[in-house]
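Notes for the one structure printed next.
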Amino acid sequence: MNKQLLYILTIVAALGFVSCDNYLDTTPDNRMDLDSDEKVKELLTSAYPEFTYGMFCYSMSDNADDKGAGHLSMSNNENGYFWEDFTDVYQDSPASYWDECYNAIAHANKALEFIESTKVGDLIPTEYLPYYGEALVIRAYCHFMLVDLWGKSYNPATAATDLGVPYVTEVETVVFKDYKRETVAKVYELIEKDLVEGIQYLDDGAFEVAKYHLNRAAANTFASRFYTRKAEWQKVLDYSTEALRNNPSSYIRDLSGKYAQMGFDEQIAEYSKGSEPANFMLTSNVTYWFSYFQASLRYAYTDDVSTRGVKQQLYDNIFVVGLTNEWTQASASFGEGDGFILKWGYFFKRTDANSDNGYYYAMTPKIVAEEALFNRIEANIMLKKYGEAEQDLDLYFEKRMSNYSDANKVTEEKINMAYQNNSNADSPLNPWYELDDKTRTYMNCLIDTRRREFIYNGMRWFDIRRFNLKVEHNVKGGTPVTLNGDDARKVLQIPVSAQQYGLQPNAR
Amino acid sequence: MLRAMRNVIVLMLVFSLQANASIFSQSRINVELKNSKIEDLIKVIEDQTDMGFLYDASELRDVKPISVSFQNETVETVLTKALENTGLGFEVEYKTILIKPVFQNSGVQQDTRQIKGTVVDDTKLPLPGVSVVVKGTTNGVSTDFDGNYSLEIPASGNVVLVYTFIGMEPQEIAVTNQTTIDVVLKGSSEQLAEVVVTTGYQTIDRKLFTGSATVLKAEEAKVAGVADVGRMLEGKVAGVSVQNVSGTFGAAPKIRVRGASSIYGDTKPLWVVDGVVLEDVVDISPDQLSSGDPATLISSSVAGLNADDIESFQILKDASATALYGARAMNGVIVITTKKGHVGKNSIRVTSEFTMKMKPNYANYDIMNSQDQMEMFVEMEEKGWLAHADMMRAKDGGVFHKMYNLINTYENGAYGLENTKEARGNFLKRYERTNTDWFDVLFRNSMQQNHSVSFSGGSETSKFYVSTSWLNDEGWTVADNVDRYTVNMRGDFDVTDKLSIGIQTKGSIREQRTPGTFNRTNDMVNGNYSREFDINPFSYALNTSRTITPYDENGDPEYVRMNYAPFNIMEEYKNNYINLDLLDLSVQGDLGYKVNKYLEYKFTGSMRYVKSSNEHIIKEGSNVVGAYNAGVDDPIISKANKYLWKDVSLPNSRPISVLPNGGFYNKETNTMKNLYFRNMLNYNRTFDEKHSVNVMLGQELKYVDRQNDFFNGYGYQYNRGGTVFTDANIIKSTNESGFAYFGMQPFRDRFVAGFVNAAYSYKGKYTFNGTARVDGSNQLGQSKSSRYLPTWNLSSKWNAKEEAFLYDVEWLSNLSFRGTYGLTASMGPANNASIVYRNNISVTPYDSERQNAMYIESLENSELTWEKQYETNIGFDMGLFNRISISVDAYQRKGFDLIAAVRTSGIGGEGWKYANYADMTTQGIEFSLGTKNIDSDDFNWTSNITFAYNKNEITSLKARPMIYDLVKAEGGAIEGGPVRGLYSIPFAGLNEFGLPQFYDNDGNKTLNVYFQDDAISHLKYEGSIDPKITGGFSNVINYKNWKLNVFCTYQFGNKIRLYPSFHASYSDMDAVTKDMRDRWMVQGDEAYTNIPAIASKEVSDRYGYELESTYNAYNYSDQRVAKGDFIRLKELSLEYRIPKNFLNKLGLETASLKAQGTNLWLLHSDKALNGQDPEFFGTGGVALPVPKQYTFSLKLGF
């Protein structure tokens, strides 16, 4: 009997052995492991914010106007127009962009963590280098966008005490981790470190579709943008020149040539294609921020002649418009008052093959050649190389004017005429550094031109912050509201969810 | 009832008779006992020989102590000596010794005569050891092994014989002048129900069972005409709530044991069949059960079981009862035991059921007739809707569209209809009067048949049970039908004395047809669910205007317009349907080996394979295909019709059709392979007749592979012999949207567990039980830190009735108290113990810009663990006068580490996480009362009441729900509320245009409700969507051969969202409820009515698409809520058992006829429901309510 018992116990133990730990290592489904340079590449493809700042930045800027009731209302548009704290937390809201930037950062950090683990001695294997660079630049870019929205605009006098944003370099492994806000100076320091190290490893050949990554041109443009904040003009010049390489003109969007031949639908499609040389970096965004909503939101640019003010005359007073040429960027209208400048369109992704529901996507040009050019112009102006600045302005206008002739070329005289003591904004430019008269005039010209070019992409808001501009917003049937140059509301309020976890809110 | 008891008796006999013939007298023993109990002697004999005893313990209780001393003596001699003067005798057959009282004639000598006979049970098996006593005397005998007895009785006077046997109902027979009295003893249901509890791992004597469990015999549970056994439990067991959220075959009802225990995770109980857990083929969340999506058709794990194969249900409720299921037990366990063969004559059972499902009727629903509806259309026309030009380009159009279409038609020199007011009026008149009865068109009084036949029998060493059944439902609606075939084969073999083996195979095949349906999608902006091309017959009947006619005057199909294409519902069913085929096969082997008297090894192994394939046939003539081709030539329609496609690379091109040829052939397959092994050692020993100890040690392993794959076929030409003509653009268009036209996903579930259970009982009075178990799973992810979870449980029971001071209390037939405390758990809906990466394709319109991408679906959560709960249960069972049984349980559950979607700061990279950050408490009371109101030979009446109260509250939840999450019909979770609470947008009256207004978070009136807003403090709490009180009440009356059963179920304390029937605009196809007659018509009406106006075209244009969300907010306001309370006459049945003597002539053993009505009458429900079924969600797709039905059934036994 005992023998039998022993026998059976042996069987039981043997069967029990099957249930060892290895059995539970089976992955439950199609999830993947991060284990090769190919996978790192694919992981970084997801490391770009899927939400965008375009709509709320636009709504807060002086490009928006009140068209009155009856036009489409959307809370991000309305909250932005009145510089209120945003209530929405979904697409096109600041909170969603906050989440997405940090989500991209987490992706980048995970890639960095893995790449570090592949180090042979102290060296990163060469096949990983481009991605190491990309991940660092992504981390820099996303933190820069965060600090440029939720922190005060960089000012060396106060940056060491101004509150910035948490700078995340590790992936969290617990449900709630404590984070604290770094100072603006510290954030800038960390961004610069990541950016400078990362940018040298970038290799456009390493990407599947380079235009959807921080490729060399995009990263250099971003670097030039970064240094405009710190007023390091030589660096701005160097990086923007690097971005534009030898033939800047070939990168500027050819509205007067190629686009002028196209129908509206074609222009809209062309605007956000990867093959368009002007698009240095596109991101695929879930957003309402595309032509239809740009036209029909209540607080937006209007083509309604009855309410024409400075803001509505965006394209009327271009100083180089003459008898023989005209501004070529097309505009159209979806209805009374719902006019818009042709930019990018949308792509509807259904939630199900037969469904009515889905998400609007827009392939949004996030970094474009014009920005690099404008940054270079700015650097040249600040370095008092006015001739170079004029040349680049001409280069730009040539692509914006039909029949752009020598007679219309930019001259100091023309600039003075249109921009001496006139920034076309609600207040004069007032950056943390000094501007002398000539520089100021040239800067007025540049910043105003730039405003026209970037009407919907949200960049105007960053100039309003950087140059401490005042913004006045009309209210149909009410008194206008004003955002002063040093208004506390120029810094977005920290999302409620982050405040709840102990992040210090911004002053109001 | 009877069947269950027979098995118990059979088992006893098998145990005692199993031996091969060894000669009794050869067994010699040594014994040395002084002043000992008889039981001690029995033990000695059992220890030294391989003989077993059969006796009634109560008869040994009062026997005075014995003293015996023998060396190497035969058992016979020892026993003869030992039992001298004890009033006991014995009898031997093979290896079994029957100890029975020796009755002596009492005192005075009288004239006596002999009476003899045989006692058998109702399966004709002889009953040994039955005591036969002359009433009022001690004169009696016991039956021998063949059930025979012979007794001297007084020759004169009134003599009544009393036959008693444990587990049987006593019988008294008055003796007249017979010399032979044969008696059939019937099983006592009351007593036997208490005998054993099967947990799936163990079979335990009820007296020693410390947990809270309800045993339900199949006979009691079975509801004729109901195919899904899950639905049969409704109202039968205190604490089990069953809600028929959809009545479609294969769709699982929402079953909760003691309420929900998880907030976002699984709340289904675990189904266990013959010791093996039935894994789900697809994982359907609780909220998804009511969605009507095609996947719900395979959501019921028990849809493949033939109810006639079931022996019993055991519903394990508290932590002690479910302890052996460890980390899967949190939602309760329902154990199904199927029938086994038994020793004796082969028996054949045939059951046939014919069920008539009754058509629904407009009388029960509050839908406008065609006259009222036409009036409303006229108002709509006045308000600027239904205008000629608009209607010609409208997406959907009914009568008005048809009229304008005729006006536009010019053929043979005449217009289809003249454009004069008179001609138009005449045209509309036909439709105004038609009053189409959609229920009559789309439903039928249909027949469902279910036939089952089973064979069983066996010898002492091998038993078999084989059954097969066929269920055919020709379809309650014109668009569905089901066939189900089942087979069940089971053999149990005693290979040797020690080794027993059982093998069984269960299989089912299902062929089902339902209307074609796509999955619903959720539009959170407007607060809508939507389902494209929904042709659910019930929804269609309720939502389609009665002015529409399915056939024209000539009897030809009459078409309306849907999605810009012609539509006729009857034609659509012919051209758009789903064929579901399902094969479910399982093979199971059980092995038992008795190592010695105390130690037994048991093995269970099972393999189950399920394959379900779901073919969605969409033919050329269908509206779906029509929509993919509609309006190509019309510049306005072609822009609006989203089923057309525009090539992004040709921005100036016009939208074109991507399905110019053929239709769709979409197929989805779900397969599951499930292996399961279990090894157990069981040690059972009683020391000194006082201390019984049972220790069980076991280990189990589960392996489940699931696979879901789909294939969408485009351009299958049904009308051209199945040739495939695919337009390349359709692939391009699906690619663009990021959809694949085929796909496959595997799921792998690996699970191991080890467990130990120890039970100790002192004289059956005090029982203590403890269980510990460790589970391991791969489902949480690859991190080793969280994959194991230990659970444990302690419980005890006091059988007070066994105490000396209660033993003689006659009126108290039973009294025991139970107590349990323990930890149970279940797997939550999170799997990121280590980081989860997924792959996708980046979204862009251009092929050339698309990239493979990998993304972090969830960051690592090193703190992830199972959802857990501590449960305390106290209860008592009481029996009074052998007539009343009461069982009461009170429990408290403290759920913790429940998974919740929590909002984080977002800085870590994940704004929302599923994490163990919620707690919940549940309290409840369960009560069941069974009474024998009248109990006589010919007439008896029993009643059973079950009552359960359950209340849960989320005590901690770090989630921030949006308005939409809380107001939808499925309810939502917030801290301080129940698991699923229903909340309403506070209605603030109609404004001066008849538009509904609402209070916002600041108390201001507004038209705009932003459904994604997470400011929710202003929402009105209506109540839980799960009933607080559930139960049933049954009465069974037996009169001679007749049996009447009246069964009601009830639920109270929940709230229901009424169907969302209000919209910003209606088409001339929509039906509306009669409330609409009280709608706002002119300014000032807002003072009298809360029913919003039909918005004029002008108003609609002014507010744009936001008006739809205003009207939707009304659908989700406090105006559109009803109480879920109901009392339903669930079952009324009358059964007639054909008398024995008649049966004998027919060569039958049993036969009965039964007529039954199911879901007959809603005795009580909230008036505000207006006919809406309080259980049914009405979400379209494949969901249908449970019909009223009549069943006739015939049962024959040979």
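Naming: A, B, ... by sequence-line order, numbering from 1 per chain.
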With a 3.5 Å distance limit and no angle check, can you tell me whether [X] reaches the backbone of [Y] through a side-chain donor-acceptor pair?
{"X": "B:Glu860", "Y": "A:Glu172", "result": "no"}
{"X": "B:Arg787", "Y": "A:Leu24", "result": "yes"}
{"X": "A:Thr173", "Y": "B:Asn861", "result": "no"}
{"X": "A:His107", "Y": "B:Ile856", "result": "yes"}
{"X": "B:Arg748", "Y": "A:Thr27", "result": "yes"}

Flag the one option from [options] with the top tally of heavy-atom pairs under 4.5 Å to chain B.
{"options": "A:Ile494, A:Asn103, A:Val175", "value": "A:Val175"}
{"options": "A:Val165, A:Thr87, A:Val209, A:Thr45", "value": "A:Val209"}
{"options": "A:Lys110, A:Gln500, A:Lys39, A:Gln267", "value": "A:Lys110"}

Salt bridge (Lys or Arg N to Asp or Glu O under 4.0 Å) between A:Asp29 and B:Arg706, intermediate numbers included: CA-CA 9 Å; A:Asp29 48 32; B:Arg706 293 185 180 85; over 6 Å; no
So, for B:Ser905 and A:Tyr501, which heavy atoms are closest and what is the spacing to 0.1 Å? N-CD1, 3.6 Å
Relative to chain B, which segment of A:Val168 carries a heavy atom at a distance below 4.5 Å: side chain, backbone, both, or neither?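 Contact with chain B: side chain only.
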Choice from [options] maximising heavy atom contacts with chain A below 4.5 Å:
{"options": "B:Val836, B:Asn652, B:Ile835", "result": "B:Asn652"}
{"options": "B:Arg520, B:Gln779, B:Glu857, B:Arg531", "result": "B:Gln779"}
{"options": "B:Asn839, B:Val648, B:Asp749", "result": "B:Asn839"}

Examine the side chains of A:Tyr212 and B:Gln851 and answer whether a donor and an acceptor come within less than 3.5 Å of each other. no
Quick check on [X] against chain A: is it the side chain, the backbone, both or neither that has a heavy atom closer than 4.5 Å?
{"X": "B:Ser777", "value": "backbone"}
{"X": "B:Ser733", "value": "neither"}
{"X": "B:Tyr846", "value": "side chain"}
{"X": "B:Leu864", "value": "neither"}
{"X": "B:Tyr628", "value": "side chain"}
{"X": "B:Val843", "value": "both"}
{"X": "B:Val902", "value": "side chain"}

Both conditions, 6.0 Å and 45 degrees, for the charged tip of A:Lys349 above the ring of B:Phe739: are they met here? yes
Please check if atom [atom1] in [X] has more than 12 non-hydrogen atoms from other residues, nucleotides or ligands closer than 6.0 Å.
{"X": "A:Tyr292", "atom1": "OH", "result": "no"}
{"X": "A:Tyr359", "atom1": "OH", "result": "no"}
{"X": "B:Phe518", "atom1": "CZ", "result": "yes"}

Applying side chain to side chain contact (heavy atoms under 4.5 Å, CB included) between B:Ile907 and each of A:Pro495, A:Ser497, A:Cys101, A:Pro166, report the one that passes.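 Looking at A:Pro495, A:Ser497, A:Cys101, A:Pro166, the match for B:Ile907 under the side chain to side chain contact (heavy atoms under 4.5 Å, CB included) is A:Pro166.
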Pairing residues for B:Lys646 by the salt bridge (Lys or Arg N to Asp or Glu O under 4.0 Å) criterion, not counting sequence neighbours: A:Asp265
For chain B, which residues of residues 92-99 of chain A have heavy atoms nearer than 4.5 angstrom: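 Heavy-atom contacts from residues 92-99 of chain A to chain B are A:Trp98, A:Asp99.
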Show, in sequence, the C-alpha distance, side-chain angles and deciding distance for A:Val40 and B:Met854, and conclude whether the side-chain contact (heavy atoms from CB on, under 4.5 Å) test is met. CA-CA 8 Å; A:Val40 173; B:Met854 184 159 105; over 6 Å; no
Validation row, ring centre A:Phe176 to ring centre B:Tyr917 under 6.0 Å: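 Yes.
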